[in-house]
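Below, chain A is the first sequence line, B the second, and so on; all start at residue 1. In what follows, every heavy atom counts, from backbone to side chain, and hydrogens, waters and symmetry copies are set aside. Since we're looking at a predicted model, the values are computed, not measured.
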Amino acid sequence: MSSNNNPASWQLNCPVSIPANAEYVTLAHGEGGRLSRKLIQEHILASLNNEYLIALNDAAQLPKIEGPLALTTDSFVVSPLFFPGGDIGSLAIFGTVNDLAVSGAKPLWLTLSLILEEGFPLAILDRILESIARAARETCIKIVAGDTKVVPRGVADGLFINTAGVGELITPIPPGPATLQVDDELIISGPIGRHGIAVLATREELGLEPLPLSDCGSLLQSVELLRSGIGNQVRCLRDATRGGVAAVLHEWAEASELTLSIEERNVPVSPEVRGVCELLGLDPLHMANEGTMVIAVKPGAGTAAVEILKSIPETATAQQIGIVKSRGIVPVTIRRTLDSEQPLDDPLGSPLPRIC
Amino acid sequence: MSSNNNPASWQLNCPVSIPANAEYVTLAHGEGGRLSRKLIQEHILASLNNEYLIALNDAAQLPKIEGPLALTTDSFVVSPLFFPGGDIGSLAIFGTVNDLAVSGAKPLWLTLSLILEEGFPLAILDRILESIARAARETCIKIVAGDTKVVPRGVADGLFINTAGVGELITPIPPGPATLQVDDELIISGPIGRHGIAVLATREELGLEPLPLSDCGSLLQSVELLRSGIGNQVRCLRDATRGGVAAVLHEWAEASELTLSIEERNVPVSPEVRGVCELLGLDPLHMANEGTMVIAVKPGAGTAAVEILKSIPETATAQQIGIVKSRGIVPVTIRRTLDSEQPLDDPLGSPLPRIC
Amino acid sequence: MKYLDEYRDPKTAQLLLDEIRRITTRHWTLMEVCGGQTHSLLRHGIAVELEGTVELIHGPGCPVCVTDQAAIDFACQLAQREEIVLASFGDMLRVPGSHGSLLDAQATGAHIQIVYSPSDAVELARKQPETQFVFFAVGFETTAPATALAIKQAARYRLENFSMIVSHVRVQPAMESLVQAPENRVQAFLAAGHVCTVMGYESYESFVNRYQLPVVVTGFEPLDLLDGILACVKQLEANEAMLENRYARTVQAAGNRSAQDLVQEIYQVCDRAWRGFGTIPKGGLELRPEWQQFDALLRFNKPAIPVFKRDECQSFEVMTGQIKPPECPHFGTRCTPESPLGAPMVSSEGACAAYYRYGVTTTP
Amino acid sequence: MKYLDEYRDPKTAQLLLDEIRRITTRHWTLMEVCGGQTHSLLRHGIAVELEGTVELIHGPGCPVCVTDQAAIDFACQLAQREEIVLASFGDMLRVPGSHGSLLDAQATGAHIQIVYSPSDAVELARKQPETQFVFFAVGFETTAPATALAIKQAARYRLENFSMIVSHVRVQPAMESLVQAPENRVQAFLAAGHVCTVMGYESYESFVNRYQLPVVVTGFEPLDLLDGILACVKQLEANEAMLENRYARTVQAAGNRSAQDLVQEIYQVCDRAWRGFGTIPKGGLELRPEWQQFDALLRFNKPAIPVFKRDECQSFEVMTGQIKPPECPHFGTRCTPESPLGAPMVSSEGACAAYYRYGVTTTP
Amino acid sequence: MCLGIPGKVVRWIEREGAFAQAEVEFEGIRRLVHMACVTEAELGDYVVVHAGIAISRINPIEAERIFETLSQWGEDEGWHTGLSQDTEASP
Amino acid sequence: MCLGIPGKVVRWIEREGAFAQAEVEFEGIRRLVHMACVTEAELGDYVVVHAGIAISRINPIEAERIFETLSQWGEDEGWHTGLSQDTEASP
Ligand code: SF4
Ligand code: SF4
Ligand SMILES: [Mg+2]
Ligand SMILES: [Mg+2]
Ligand SMILES: [Mg+2]
Ligand SMILES: [Mg+2]
Ligand SMILES: [Mg+2]
Ligand SMILES: [Mg+2]
Ligand SMILES: [Mg+2]
Ligand SMILES: [Mg+2]
Ligand SMILES: [Mg+2]
Ligand SMILES: [Mg+2]
């Protein structure tokens, strides 16, 4: 097989054109000496500077937090690095901010750790750092500590990013899926499957046009509105990332030992996602989201929750999709064409396009 | 070039023999469905369980901290994954615990994020998770949140680990290298260059025997002793990782705008490290450490600091290696054979073995 | 989506369902030939709604399930070779061979590329002339035109780095072998709509006449299926055995002549080993001699690799309607989608997977 | 370490230093031929201590610095080829060619393997028979036995996947061309101890006689260097020009006969382009015709790749002692170890890098 | 098996031979589809696409038939009887 | 150039020919070193190793000479005069 012999050969799908004599990342950039400091100063700090990060200490020194803490981490390995609607940088920020937000915390600080493949163009790195900076500004979060490693060519796929986030838990903290009760109502904040389809269609070069847009974005405002509006009514929230909505419902069913039951006709799916899913034999409920969440509220609170969500553009198409029932034979059911409730499958592995 | 066609072909240097029919990581383990939960339950929680991690929430909910916070992150991409004296797992814990400790914080909680290459043997993963668990127990730190991603074969080098750490800053917080003063004393906590040499010799298969041992280990106890003994006398501490002691001295010289001056004869170097460095034309001062730190104390406090360090076995060979001087032409000087002080070079890139 | 959504209309479906229940006087056993129909029947809850009225058993119509284990082994073996990329539909990746699936092979270093269309594999070969691309050509008559077209395109481009493992199977010989079996209890067939789209249904005339069993060409959406079932039940209740086309918006009596010509030009009928069935005479398609330069078997002279067939899998019994998947002793215990013993547990078209996925874990 | 530490003893070094200062009556200019000696003189502060007493200028003895740019370009080009792994000493990786260094090539996909010994590259080739290993054989007479041995071993194993880019250079022709230059101001030579270990020093007799310049075979540790300098100064003060061996623990008059035989068997003397110097007659070693199956140039028929020589680098002037590195207009500004204009800024043996590293940024 | 999805032909790229191709739209998403077997399709026609090639042109009149039948049932309310006559016309 | 490091021969692996090898110790670390050019070395001898092959056996008597000379200087205090006689014996 032929391998990538030039720095522009990653599956970048990046709008930046890379000049032939572009500067790129070398192993020396990761070795802790002069070049490492240059990379940090001229690229990372240039985009992300703030009063904590500038100290470049072994650990950031941060002020005291009043409430209890929330702590989360995620690594981002998306391929391609740029996809319609986002890139690995914005994803790395929104992903961690969203995890804090749905946990009931006010996101405060992030760490940012880059694993770069030797030969990665610095122009692309700068572009991703700008995207990180933009997402951090949008969500009012500060990147206070970081790390950069460079691995030899062929040992990583261009760039992996890890973010870890610290937030302050704000009362009332959603008590979590173990507290779900019969008749609780299930809500989805927007059309599903957009991120998974956008990335799949871009990566596998399926020749689809226009490429569907990822929903990659912040859930901060919608969570805050929900909490300030009906905070005491919220049981749990979850951004429906890998495994999609189906995986969230299965996890919640497992945690609560109840059955979660949804109506297919109420689940919002955008026409493009619908079209691609039919064409490739995929179920939108299994496809990843990166700015769309599932919410469970107490009985009767669903309408209020949907109202609140519909008040901002990001979640204007929020819908109640189902309710919690006493435990049946299967953990998650879906009503499709006919009246009978069918089991909704828990996704197994990455959804593969199929012709059968 | 031939590629790795069997799961045992990583540069593992692992003492575990892998049976031919070993189970290994698949892409489905990273897709957020049933197999992801199985991997987390049967492998990760099996080794690392605690009251926070078990919740498996989007973010860990943690109690309130009294003092201000310290936050740090590092990715670990060491190749080979196992090296004499440690492995990527223990390294990922000690590295982050040490960064918190030298920053003046009591390490409390860690996040753990794994990027696994498809085909990675689960037996090896278990072995590394055990090593992580052991290091976490030894340093009394809890892993409270995590993430697991699987990337396709050929897209990562077996396993990368990211840890982020939260600690509570304890007064007196070492004021940092910007506060260095003329006549401050510089101390090293143990023999230098062991980690860099151990990894280099293992990775490049240089045919050396016995392979020198890495110093991979915790600095927690030694930092605590120093702080409780002469806490007010400590200016700054730094674990001398990538770039070695030379990089730390250069960073401090830059931060303080003073000249740091050391004596080669006082720098402890183990015989094996000495032997390998001579053979390969390397300078131990440029080689990485993973359990050895540089300390700066106020004038006159060096002897007390060394005494305290010598009281525990981990730092029994601590030495005063130099002092801080007013700014000369060069930022860091070293006195070797003759009386004159020579500039000590800041490392550039990974040290390469050479024959010239 | 036009021509999809209207055939999923719940109210209309309910009307049809009521009508089927109304006219059914005794227990009828129908076979839906195609795995896609199985999938749809379970996904939309039709099978459940008809429990006690009409029993639906699944036919051999999942090409993933019936592809011979040796072909999968060969595909894995080629994919492991440094110079080869194996291109495949996503469907085949999880099917177990003797030593694991293509996904397992990939996890240990094999080069596999998912494609949506066989012609996409031709394009890949054109763009990377240094690499040998082998397309794994599975599927029924529906898929054969797409793979035949890929061969023609590769020939037009004079590609020397494109070949195929041809493992196409033919539906009708399998139906024949099924009704001839002493255990047969099928009383009517829902013929596979998309196979008929290509092949037409005239050839079923003699089948209907010979075996005196109703055959109804049926589509895949809930209304299509209910309509096809209703047509079958009506024939059975009237003690008739006729050939009907209930998928006329897509299927014509003669099928698609251009597609048949294309298949005819590239392939010839051959005996073929079906997984679970053994060799079915005339059960497959192979490359005609004039196209053999594209035969991966010849190009990469296949060594005799031992095939360790897993006899535990009851796929033959399942695919011939003798048992339903939950009656297999391994169903849901030793055999799950995470760790399938047999092919029907893998593909989302496979009957066992469909039962597992849709939670039908007990026999009616 | 035995035979190292005792030669770094500070007290003894001080004695020798004092003695040199004591007997020196005027300004003498010595050349240390070997880059290793340059490195040691700067690293241990000897050059600084002798400032104003004895001026030390650095000779052409850094094989990394003098390796022709075209050879580096060829190495980069081979490393880029899919089937080839280029094996090299770590030293060569940062040296700039016309289009970047081997490290740059690696960053854009080339396969490069650092080895400590040429025989290690032979072992790699033996273990991976599908891959072509090309060893980049640079170095002076000291290194030639190791690379010659690798050829013999590869021949013994009948390896068809091992070859070398032979770029060995010979010290003495370079010294000749140096003293013949009108700009020459060297008054005595510290001959390169390890080259003499292999080659002996008898061949210097005629050099000393012809040019009437003292030549003192000198080692690499501080005491060795001070001892060698002292010997030079004593001759100069006494107006003598003799050949002396001050590295007798390692060097014998006739050198190492087995090593010479080995080199003789595999290589023959040839004219060679030296970077910065131009072609030096008899300045290199090439494979004898009977070993040419191991010549990477012949095996991978080198296309004529344009070499864009960077004329800005003053390496010739530096390596012939006409200027000291900080006198080069680019030193420390456009030319630094991070971004070297010329080879002497790269290798830790290179005179410019040594000056930069040890902070000697102004001329004495 | 044999996922076949209806899509609308929106642009012909090449109408003849082995490389016949058209742009086909599926709910706003377009893809190039091989048309060698359905060269007679016109812009605006719906075709059934399987594995990237069109295998059939959808007959819009036949597509309505089931709904017409059902609506007749709805009109006369005793639709069960009417059903068999209507449907048995097709094979 | 030409890093040459002294190491002690601790074990012979193969004494003859192109594959002659011995285990050589450098401050506790051992490596196999090619010995084709120094086949006469005995166990305990020090050899100078360059690029993985031994290029010379260290002569322990010569190795002492500089220190002997210096110690003589130490003894007679007027050592400068003694130096030239001693050293000029060697070439
Ligand atoms: S349940 Fe598994 S073993 Fe049983 S018939 Fe189905 S696939 Fe075969
Ligand atoms: S400083 Fe740079 S440009 Fe000048 S001579 Fe040295 S290597 Fe060449
Ligand atoms: Mg998370
Ligand atoms: Mg989440
Ligand atoms: Mg770091
Ligand atoms: Mg890559
Ligand atoms: Mg750190
Ligand atoms: Mg640190
Ligand atoms: Mg996660
Ligand atoms: Mg790998
Ligand atoms: Mg392959
Ligand atoms: Mg190569």
Side-chain angles (χ1 to χ4, degrees), chain D residues 1-4 6-7 12 15-16 19 22-23 34-36 61-64 89 115-120 139-140 142-143 145-147 149 152-153 156 192-195 197-198 201 217 220 223-224 227 230-231 234 238 242-246 248-253 256 258-259 262 347 349, chain F residues 1-8 17-21 25-29 31-41 44-67 69-71 73-74 79-81 83-91:
Chain D
M1 285 174 83
K2 188 158 180 189
Y3 298 124
L4 280 186
E6 51 270 52
Y7 299 98
T12 316
L15 283 180
L16 285 164
E19 179 65 1
R22 196 191 60 81
I23 66 165
C34 178
C62 165
V64 167
F89 299 131
V115 293
Y116 165 64
S117 169
S119 296
D120 294 351
F140 282 108
T142 321
T143 314
T147 62
L149 184 65
K152 281 195 78 166
Q153 294 173 339
R156 216 52 86 71
H194 287 143
V195 170
T197 300
V198 169
Y201 50 86
V217 176
F220 298 81
L223 298 200
D224 292 322
D227 189 35
L230 180 58
K234 287 177 68 180
M242 291 189 306
L243 177 58
E244 268 185 85
N245 178 14
R246 306 296 310 166
R249 69 178 182 278
T250 303
V251 176
Q252 291 179 305
N256 181 326
S258 318
L262 191 55
S347 157
E349 304 301 289
Chain F
M1 95 185 187
C2 310
L3 208 61
I5 301 299
K8 184 160 78 175
F19 294 99
Q21 271 194 321
E25 188 179 298
F26 307 87
E27 200 78 356
I29 296 289
R31 189 192 138 100
L32 292 187
V33 163
H34 291 279
M35 297 294 286
C37 301
V38 193
T39 47
E40 72 281 11
D45 279 358
Y46 278 75
V47 291
V48 174
V49 177
H50 168 79
I53 93 167
I55 54 170
S56 165
R57 182 162 67 145
I58 291 179
N59 179 332
I61 295 157
E62 290 293 344
E64 286 307 308
R65 191 149 314 199
I66 186 173
F67 302 105
T69 310
L70 291 173
S71 68
W73 297 353
W79 53 270
H80 315 115
T81 43
L83 181 68
S84 55
Q85 285 153 19
D86 264 296
T87 49
E88 275 171 18
S90 35

Under 4.5 Å from any heavy atom of chain F - which part of D/Ala253: neither
Straight-line distance of D/Asn256 CG to F/Ile55 CD1, nearest 0.5 Å: 8.0 Å
Under 3.5 Å: donor-acceptor pair, side chain of D/Ser117, backbone of F/Ala51: yes
Nearest non-hydrogen partners of F/Ala63 and D/Tyr3, listed with the distance: CB-CE2, 3.4 Å
F/Glu25 atom CD, neighbour heavy-atom count above 12 within 6.0 Å: yes
Side chains of F/Cys37 and D/Leu262 in contact at under 4.5 Å (non-hydrogen atoms): yes
Structural part of D/Glu6 lying under 4.5 Å from a heavy atom of chain F: both
Residue part contacting chain F, namely of D/Asp120, when any heavy atom lies under 4.5 Å: side chain
Best-contacting candidate, F/Ile58, F/Ile53, F/Val33, against chain D by heavy atom pairs under 4.5 angstrom: F/Ile58
Derivation of the side-chain contact (heavy atoms from CB on, under 4.5 Å) call for F/Asn59 and D/Thr250: CA-CA 6 Å; F/Asn59 179 332; D/Thr250 303; over 6 Å; no
Non-hydrogen atoms of D/Leu149 and F/Ala18 that approach each other most closely: CD1-O, 3.3 Å
D/Asp227 side, atom CG; F/Arg65 side, atom CZ - distance, nearest 0.5 Å: 11.5 Å
Side-chain heavy atoms of D/Leu4 within contact of F/Pro6, under 4.5 Å: yes
Contacting moiety of F/Ile61, where chain D heavy atoms sit under 4.5 Å: neither
From D/Phe220 atom CZ to F/Ile5 atom CD1, the distance as rounded to the nearest 0.5 Å: 10.0 Å
From F/Leu70 atom CG to D/Leu223 atom CG, the distance as rounded to the nearest 0.5 Å: 7.5 Å
F/Ile66, part contacting chain D, at a heavy-atom distance under 4.5 Å: side chain
Interface moiety of F/Phe67 toward chain D, non-hydrogen atoms closer than 4.5 Å: side chain
Test item: D/Arg249 and F/Glu64 side chains (from C-beta on) under 4.5 Å apart, heavy atoms: no
Among F/Pro60, F/Gly28, F/Gly52, residue most engaged with chain D (heavy-atom pairs, under 4.5 Å): F/Gly52
Nearest-0.5 Å distance that lies between atom CE in F/Met35 and atom OG in D/Ser258: 10.5 Å
Chain D contact via F/Arg57 - which portion, at a heavy-atom distance below 4.5 Å: backbone
No-hydrogen, no-angle side-chain donor-acceptor test under 3.5 Å, D/Thr143 and F/His50: yes
Short side-chain to backbone donor-acceptor contact, D/Gln153 and F/Phe19, under 3.5 Å: no
NZ/NE/NH1/NH2 to OD/OE distance under 4.0 Å, F/Asp45 and D/Lys2: no
